[in-house]
Amino acid sequence: MTRVKATVGLLGRFVRALVLSAWQTVTTIVRASGRSGRAPVPAFVRVRFAPMSETGAALLGCMVSLTPGTTTLDIDMAEHELLVHVLDAADIDGLVDGIRRDFEPGLLALFAVEEGA
């Protein structure tokens, strides 16, 4: 995968994630404000990520934070983990799968490092 192709693909997946996450966040807030609505349950989640450079991990953390409903609080390079605050913990597995599916491939194409390097 060329760097340009990886960058364009990553940008496209990021924009898609922004739109979907914004919609999910709005529906969560509207649902919670209704009379019979369920209040969102916020949570802190550790999200493991593939080995990548500090720049790649920082970009991953920024992309997660820019996605509505999530905020990166810490990046642990030794453990390859993000500490993420989520607005609604109803679908943590979906959140983690989305980060890995939408963001990791492009970031790894641009910022992958060998384990132990």
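Just so it is clear, the structure is predicted and the values come from calculations on it, not from any experiment. All heavy atoms count here, side chains included; hydrogens, waters and symmetry mates do not.
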Would you check if [X] and [Y] make a side-chain contact, meaning some heavy-atom pair closer than 4.5 Å?
X: Glu79; Y: Phe49; answer: no
X: Leu82; Y: Val64; answer: yes
X: Leu83; Y: Asp76; answer: no
X: Pro105; Y: Arg13; answer: yes
X: Leu59; Y: Leu107; answer: yes
X: Asp88; Y: Arg31; answer: yes
X: Ile99; Y: Met63; answer: no
X: Pro68; Y: Leu18; answer: yes

Please collect all side-chain hydrogen bond (donor to acceptor under 3.5 Å, both in side chains) contacts where either partner lies in residues 47-58, sequence neighbours excluded, each pair once.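 Found none.
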Please walk me through it: do Leu73 and Val84 pass side-chain contact (heavy atoms from CB on, under 4.5 Å)? CA-CA 6 Å; Leu73 302 173; Val84 178; over 6 Å; no
With a 4.5 Å cut-off on side-chain heavy-atom distances among I, L, V, M, F, W and Y, is there a chain of contacts connecting [X] to [Y]?
X: Leu60; Y: Ile92; result: yes
X: Met77; Y: Val47; result: yes
X: Met52; Y: Leu110; result: yes
X: Phe44; Y: Leu87; result: no
X: Val96; Y: Leu66; result: yes

Parallel, tilted or perpendicular, as decided by the 30° and 60° cut-offs, for the rings of Phe14 and Phe103: tilted
Would the distance check show the side chain of Ser65 and the main-chain N or O of Thr72 forming a donor-acceptor pair, the cut-off being under 3.5 Å?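 Checked: pair present.
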What heavy-atom pair brings [X] and [Y] nearest, and what distance separates the two atoms?
X: Ile75; Y: Ala57; answer: CD1-O, 3.5 Å
X: Ala43; Y: Ala89; answer: CB-CB, 3.6 Å
X: Pro42; Y: His85; answer: CB-NE2, 3.7 Å

Sequence-distant partners of Val4, side chain to side chain contact (heavy atoms under 4.5 Å, CB included), two or more places apart: Thr2, Val8
Glu104 side, atom CD; Asp97 side, atom CG - distance, nearest 0.5 Å: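 Here the interatomic distance stands at 11.0 Å.
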If you measure from CD on Gln24 to OG1 on Thr70, what distance do you get to the nearest 0.5 Å? 10.5 Å
